[in-house]
Amino acid sequence: MSLTVEERDELRSTARSLCDRKSPSERVRAVVADPPGFDRALWDEMVGLGWSSIHVPAAHGGSDAGYAALAVVLHELGRAMVPSPFLASAVLATSALMCSDNNALASELLGALVAGGSIGSVAFASTDGTYEVSRLTTGWERVDATVRLNGSSGFVLDADVADVLIVGACSDDGTPAVVAIDSASAGVRIEPAASVDETRRLFSVAFTDVVVAEERMLCEPGARAEELLDQILAVGVIAAACDATGATERMLDRTADYAKDRMQFGKPIGSFQAVKHHCANIAIAVEASRAAVNAAAVALDGEPNAWARNASVTSSYVGPACTEACGFGLRVHGGIGFTWEHDSHLYLKRVMLDEVMFGTPSWHRRRLARTVIESVQEEELQRS
Amino acid sequence: MSLTVEERDELRSTARSLCDRKSPSERVRAVVADPPGFDRALWDEMVGLGWSSIHVPAAHGGSDAGYAALAVVLHELGRAMVPSPFLASAVLATSALMCSDNNALASELLGALVAGGSIGSVAFASTDGTYEVSRLTTGWERVDATVRLNGSSGFVLDADVADVLIVGACSDDGTPAVVAIDSASAGVRIEPAASVDETRRLFSVAFTDVVVAEERMLCEPGARAEELLDQILAVGVIAAACDATGATERMLDRTADYAKDRMQFGKPIGSFQAVKHHCANIAIAVEASRAAVNAAAVALDGEPNAWARNASVTSSYVGPACTEACGFGLRVHGGIGFTWEHDSHLYLKRVMLDEVMFGTPSWHRRRLARTVIESVQEEELQRS
Amino acid sequence: MVVHEPGGNLDELRRSVREWCATHIPKDWQDQQRGATNDELVAFLRWWGAELRATGLLVPHWPKEWGGGFSIPEQVVIAEELARGGAPRNGLYHVGVFNAAPTLVHSATPEQQQRFLPGILNGEVWCQGFSEPNAGSDLASLQTRAVLDGDNYVVTGQKVWTSWAQVADWCMLLVRTDPEASKHKGITLLVVDMHSPGIEVRPIKQAYGASDFNEVFFDEVVVPVDQRIGRENDGWAVAQGTLAAERAIFILEMTERLRLNGIEAAVREAAGWRLESGEPALEDAGVREAIAESYAEAEVLRHILNAMIENVIRGVDVGGTSAIIKIFYAEVIQKLMRAVTGWQGVRGQLDEPLLECAGWETGFWMNDYIHSFGHAIGGGTSEIMRNVIGERMLGLPR
Amino acid sequence: MVVHEPGGNLDELRRSVREWCATHIPKDWQDQQRGATNDELVAFLRWWGAELRATGLLVPHWPKEWGGGFSIPEQVVIAEELARGGAPRNGLYHVGVFNAAPTLVHSATPEQQQRFLPGILNGEVWCQGFSEPNAGSDLASLQTRAVLDGDNYVVTGQKVWTSWAQVADWCMLLVRTDPEASKHKGITLLVVDMHSPGIEVRPIKQAYGASDFNEVFFDEVVVPVDQRIGRENDGWAVAQGTLAAERAIFILEMTERLRLNGIEAAVREAAGWRLESGEPALEDAGVREAIAESYAEAEVLRHILNAMIENVIRGVDVGGTSAIIKIFYAEVIQKLMRAVTGWQGVRGQLDEPLLECAGWETGFWMNDYIHSFGHAIGGGTSEIMRNVIGERMLGLPR
């Protein structure tokens with residue numbers, strides 16, 4: 001049951017107002033300076049408002065408002081650069097479970113995530129930061145009736161506060177699997193891996209003979225597991241692009257405001273065409289990114305076959321556009337924009353992490369090229 | 001014996017003045033409309049002034065002023081978009097003979113080229129327009145004591161008026177050779193292949209059992225022939241870049257003039273920062289290209305080992321920079337710049353042909369990458 | 001026979017249009033039209049316009065009473081299917097169908113609508129006399145004068161960049177009626193019979209070889225007062241009033257042509273080609289990334305257009321988005337053309353006969369590249385569009 | 001011991017400097033300095049400055065009488081070899097050696113030269129007080145006031161973006177001495193003792209983490225009249241008079257660092273890395289093209305610099321070229337940093353300790369990318385530089 005335009009506007013304005021009050025940039029800076037690096041009370045409030053389960057079907061206790069609604073929340077969290085386990089838990093872990101074939105497991109874990117008693121995250125990147133299943137650096141094998149994990153995963157969001165970790169692993173013979181584990185399991189070691197973007201919390205997770213029951217697999221190993229990992233990845237790409245769009249929109253607002261206020265040569269600098277056109281270019285990036293991520297989010301509520309393609313389209317455009325836009329936003333602010341005190345670099349660093357967190361635009365373009373070229377060739381075959 | 005700075009300035013001003021008088025753009029448009037597509041009287045005058053042999057050693061009757069002097073002439077010919085066999089004959093054919101190991105042949109043919117009684121050209125591209133020796137589409141074989149050519153070459157400049165053709169060919173076993181033939185030889189067929197740039201004259205040349213004496217080889221077949229072809233290519237790349245720089249410089253002058261004269265909103269459009277910055281960007285491209293081609297031309301007078309690297313550096317920067325600059329020059333002219341009557345498109349088309357005539361920037365970058373990466377790796381080896 | 005009535009099921013409409021395209025678009029029209037003379041081109045476009053009219057697809061966006069009546073979602077379907085089917089472009093009737101008609105529907109009297117709209121539907125050609133030699137980016141400084149003389153305006157002046165003026169029946173003409181007023185005031189919109197005495201049309205050849213542009217000279221041309229659209233001195237507002245939705249749907253068709261035909265053509269071009277190194281172009285990472293990047297940009301453009309059309313339906317102001325779309329479209333197209341000419345190398349620089357009625361989708365990439373500059377210049381330069389975004393959308397000072 | 005006297009053979013100079021670099025630059029200085037505190041950094045840079053001074057390479061571009069005397073071609077060789085040898089950057093003394101000294105040589109009295117130049121050579125640190133919070137791009141609108149009181153100026157105001165003010169001994173300060181005059185007039189250049197009472201320095205942390213910038217507050221700071229450089233109210237011209245050659249040679253050193261060390265670092269980065277697809281990065285066409293493109297751009301920048309240096313020697317005006325070089329340098333560096341962070345993917349987003357004394361050559365590419373924005377902003381934004389090119393070089397109207 002998707003939201004009407006009015007309901008979406010309403011959600012946006014509620015979210016913005018909460019973020020404005022609870023997460024102005026001074027607060028963000030203060031929060032990231034000390035452990036745990038995010039505002040637990042704000043996170044609890046977000047859970048309480050139902051944001052973290054806004055796209056979850058009613059059967060699992062969610063609001064059933066679809067990914068289009070989730071996109072609105074993500075945009076606003078990006079706008080305010082909120083540090084929180086939202087992406088890890090509400091987006092990645094929750095989506096993984098929603099896509100899972102293991103209904104019992106999904107019900108159990110989604111229940112806890114939706115109620116907010118539990119935080120989740122997904123470990124599905126290699127230690128090199130790649131999502132190609134064949135290059136995963138966490139392995140699995142069957143030992144008796146259990147699954148055993150060994151190896152490590154990189155770039156796991158908020159792993160230190162996650163209760164449940166969903167792990168993508170690949171066996172020696174190249175068969176992928178996806179399992180849910182308790183992060184407190186024996187053999188799990190979590191190490192921080194700080195990112196340049198201080199509003200995000202990355203970790204590497206090492207697994208040494210971690211024993212998991214077979215029933216904790218989200219789906220059959222093999223092709224279906226690969227598909228599931230691809231689905232989580234697609235959700236991640238689109239979610240990160242929503243975040244980047246929100247941050248860039250805020251950068252646009254602040255840049256335009258600065259251009260109206262800052263006087264040089266007796267005029268507001270925004271009256272100079274060079275500055276005006278930089279601002280216009282940022283506005284183009286924001287409008288285009290917003291249209292792209294909204295369309296991609298709406299499509300997440302529909303046919304999963306198109307997820308990967310839409311994710312790659314989104315990655316190809318949104319990441320580079322937002323990075324370039326925030327760079328110009330910083331430049332329009334001049335020396336002030338180049339200081340640590342000013343928020344320009346925070347926006348820029350956040351969108352740059354968003355851009356590559358779930359695969360580089362170049363990798364996504366190459367994936368997309370495969371699809372596009374194949375479909376042209378099929379069309380040709382049909383015609384001939 | 002290279003020119004002093006003052007002599008170079010003098011040469012530039014003589015050349016510019018001649019081109020201004022004899023080859024204004026109306027004249028260029030008239031000349032290309034009818035056969036032979038260039039101004040024979042002007043070409044004779046250029047030969048008479050010694051331009052076509054300005055870089056040829058005195059021993060062969062040239063001025064011995066080096067490639068740095070030739071670059072000045074090429075720049076001015078590009079500035080005025082002069083249609084002429086200069087690039088084919090004075091640059092490519094002459095340079096091929098200057099690099100040749102066959103002194104008797106070089107003496108004989110250079111003598112005729114320098115005196116102006118003869119026009120030369122070089123056929124060393126495949127019908128696809130590639131210069132990779134292994135992909136040449138003209139083959140050669142030894143039959144008795146002669147060389148026999150079969151196949152065809154593409155993108156041969158001014159072949160219809162060339163008396164002598166220097167041909168790059170590759171045998172079935174992959175051995176390259178370079179031979180000079182009389183273009184009137186039996187079995188040579190020359191077909192026009194008009195380019196979008198109307199100021200240039202391209203042809204394809206087909207060879208059917210063309211018989212050439214062994215003595216007409218410029219060098220030993222094999223590695224040395226490949227090296228020689230690479231040398232001709234390097235000269236071609238740098239010469240085309242000189243031409244593009246000249247054309248872009250003229251585009252800059254015309255664009256800046258237009259921006260000063262054209263009034264909109266009650267002001268010269270050059271006072272608007274958007275236009276001013278487009279002009280500044282064109283100026284950057286021109287200044288950088290000029291520095292690049294001058295340095296590359298000076299280096300042609302020195303160590304041939306660096307020719308290929310310098311050519312690829314030149315191609316990587318100058319072609320794309322001049323194309324982009326001329327495109328912005330056209331845009332600054334608005335609707336007028338988009339008409340056939342205005343010269344903007346002529347400059348743009350000329351520099352676009354210059355950009356790819358001797359290999360695309362992308363191909364040259366890949367060649368350059370090989371050199372750069374190898375030299376880094378060697379340096380590392382040395383250090384370790 | 002009309003292919004489909006308005007108001008039915010969207011999927012059925014799509015099927016009908018697709019089927020009609022498959023059976024009515026001549027497979028070889030591009031080959032036939034390559035290198036065509038101007039007369040052949042005009043004849044072909046008149047024939048194609050008649051085909052569309054007969055099927056009810058010439059003016060889907062018009063009000064039902066005048067021969068249209070398709071909803072915006074239906075118009076989107078029709079535009080998408082014409083693009084997908086590789087239909088010839090409808091350049092000859094573009095001004096009449098997409099610019100003049102919406103302005104007439106919006107601002108003309110019922111009598112004027114009755115007089116002009118059926119003509120447009122029946123194949124009369126319109127042109128648009130806005131720009132002048134000294135009024136380009138600064139359009140409001142136009143100087144063509146109209147003086148009221150009894151029941152007529154007498155028009156004297158010069159227009160430029162007037163597409164299809166050489167065959168047009170009517171001209172939507174902006175003239176200055178009050179030289180004393182500030183420059184945006186004092187402008188009036190007239191409909192001028194292009195067969196009137198005193199009009200001289202001189203063709204302008206464009207940088208890429210086509211000659212559909214013209215200069216138009218008006219020497220005391222008599223225009224009856226009842227051919228004035230809107231009030232006197234209110235022409236600037238009337239001309240700006242052309243609805244955004246029509247423009248968005250037109251660009252949507254162009255975007256679909258890019259996303260489907262343009263990308264497909266680029267893939268085919270690459271598939272038939274080896275890079276200089278000998279590597280098949282279609283296996284090269286750089287070529288593949290360029291194709292994917294352009295495809296993604298075309299998709300994003302489609303999303304912007306759809307969002308804009310949604311906003312139009314909701315009655316939200318979309319002025320800034322229009323400017324964004326114009327810039328985005330120009331840049332996406334130019335980037336693709338440049339990428340393909342880039343990997344074609346010197347072979348791509350060989351001349352080929354023009355295929356004028358295909359816009360930029362001619363498969364003659366170098367020409368299409370030169371053509372693409374027109375998008376950054378005509379109808380408001382990208383620089384002026386960036387001013388619009390900065391000032392109207394972001395509120396930056398002039 | 002001085003490594004080489006001026007006026008000798010160029011090849012021998014090159015050999016000497018290369019050998020000195022090989023034996024005197026600590027192999028592990030980057031590792032040692034990574035994550036250094038500000039005090040450690042300053043100590044290291046003082047040590048390095050002393051090393052250069054002892055070898056005669058600190059001020060090769062100064063007049064012979066003051067400890068330099070190398071010809072421009074010799075300076076080029078020294079700059080190239082310091083770059084090639086991977087020398088630490090000499091940031092701490094940059095203002096003194098490259099900005100203050102040339103200005104003093106050009107515009108100061110013999111007494112002033114005698115007083116200040118030996119100090120610079122001997123390790124006194126200088127800073128430059130030009131920009132103010134409300135005078136950035138519009139530098140000439142600066143408001144820091146100096147009022148003459150007997151034999152002293154009394155200075156009150158605020159400067160910003162003042163590198164190394166926290167450890168500086170002297171400041172080249174632009175002040176307003178005539179508030180009635182038009183804004184470029186009425187400015188005077190003073191040398192201020194940074195240990196004077198009334199000066200407060202507050203560090204500004206930069207976007208990439210370093211803290212060498214400062215705000216400097218002047219509260220009735222007394223500056224003797226004999227520390228004025230040039231005439232009163234002529235400070236704008238005096239400050240602009242800094243010779244172009246020194247700047248060109250400094251950027252030449254930076255360009256050599258880019259062409260040699262920067263590209264080498266990028267190749268090493270790629271050599272140790274696989275793309276997400278698993279392909280070795282160094283075998284990827286896109287990565288290879290990006291490396292070659294940056295290499296070519298650095299080469300071209302070197303050619304522009306050499307051409308400019310030739311023109312300086314010939315006495316040709318190079319004002320426009322200076323602006324071109326500033327833009328070109330900023331863009332080349334940013335493009336390379338962006339390319340490398342691009343293929344590094346998410347791994348490149350991990351935080352690492354700063355290596356401040358290496359400028360942008362730290363091997364921490366994401367940081368170097370953020371750092372690279374400084375080049376487009378500091379010392380005249382790229383936008384202001386484009387104005388300079390348009391107006392001074394092309395004669396376009398303001």
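Below, chains carry the letters A, B, ... as their sequence lines are ordered, and counting in each starts from 1.
For A292(C) against R365(A), the heavy-atom pair with the smallest separation is CB-O, 3.1 Å. G395(C) and K260(A) make their closest contact through O-CE, 3.5 Å (heavy atoms, listed as atom of the first residue, atom of the second, distance). The two residues A283(A) and I324(C) have their closest heavy-atom pair at O-CD1, 4.1 Å. Nearest heavy atoms, A291(A) versus A307(C): CB-CB, 4.5 Å. The minimum heavy-atom distance between K276(A) and G390(C), with the atom names listed, is CG-CA, 4.0 Å. Between L396(C) and A259(A) the shortest heavy-atom distance is CD2-CB, 3.9 Å.
For V313(A), the parts lying near chain C are the backbone and the side chain together; criterion is any non-hydrogen pair under 4.5 Å. Looking at E289(C), the atoms closer than 4.5 Å to chain A (heavy atoms on both sides) sit in the backbone and in the side chain alike. Neither the backbone nor the side chain of R302(C) has a heavy atom closer than 4.5 Å to any heavy atom of chain A. Neither the backbone nor the side chain of V318(A) comes within less than 4.5 Å of any heavy atom in chain C. For L260(C), no part lies near chain A; criterion is any non-hydrogen pair under 4.5 Å. Interface remark: L252(A) contributes side-chain atoms only to the contact with chain C (heavy atom separation under 4.5 Å). Heavy atoms closer than 4.5 Å to chain C are found nowhere in S315(A), neither backbone nor side chain. Both the backbone and the side chain of R370(A) have a heavy atom closer than 4.5 Å to some heavy atom of chain C.
With respect to chain C, the highest number of heavy-atom pairs below 4.5 Å among R366(A), K267(A), Q377(A) belongs to R366(A). Of all the listed residues (E297(C), E310(C), E383(C)), the one sharing the greatest number of non-hydrogen pairs under 4.5 Å with chain A is E383(C). Between chain A and the options A296(C), P397(C), A266(C), the largest number of non-hydrogen pairs under 4.5 Å is found for P397(C). Here A288(A) is the residue among S312(A), A288(A), A256(A) with the most heavy-atom pairs under 4.5 Å with chain C.
Rounded to the nearest 0.5 angstrom, M385(C) CE and I284(A) CD1 are separated by 11.0 Å. We find the OG-CZ distance between S362(A) and R288(C) to be 12.0 Å, quoted to the nearest 0.5 Å.
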Checklist entry - Does the pair Y295(C) and Y317(A) meet the rule for a ring pair (Phe, Tyr, Trp, His ring centres under 6.0 Å), with working shown? => result CA-CA 10 Å; Y295(C) 177 85; Y317(A) 179 76; over 10 Å; no

Next on the checklist: Test side-chain contact (heavy atoms from CB on, under 4.5 Å) on I291(C) and L368(A); report intermediate values, then the result.
Outcome noted: CA-CA 9 Å; I291(C) 288 173; L368(A) 179 60; over 6 Å; no

Checklist entry - Between H277(A) and N387(C), is a side-chain contact (heavy atoms from CB on, under 4.5 Å) present by the stated rule, with each step listed? => result CA-CA 7 Å; H277(A) 287 194; N387(C) 283 356; 2.8 Å; yes

Item to check | Check against side-chain contact (heavy atoms from CB on, under 4.5 Å), H278(A) and R386(C) | outcome: CA-CA 9 Å; H278(A) 285 331; R386(C) 287 191 165 88; over 6 Å; no

Next on the checklist: Set out, in order, the CA-CA distance, both residues' side-chain angles and the distance that settles side-chain contact (heavy atoms from CB on, under 4.5 Å) for E287(A) and M393(C), then state yes or no.
Outcome noted: CA-CA 11 Å; E287(A) 180 110 351; M393(C) 201 167 176; 3.1 Å; yes

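Within a 6.0 Å radius of CD in E279(C), more than 12 heavy atoms belonging to other residues, nucleotides or ligands are found. Within 6.0 Å of CZ in R398(C) there are 12 or fewer heavy atoms belonging to other residues, nucleotides or ligands. More than 12 non-hydrogen atoms from other residues, nucleotides or ligands lie less than 6.0 angstrom from CD of Q30(C).
The side-chain heavy atoms of H303(C) and N294(A), taken from C-beta on, include no pair separated by under 4.5 Å. A heavy-atom distance below 4.5 Å is not found between the side chains of L394(C) and D253(A).
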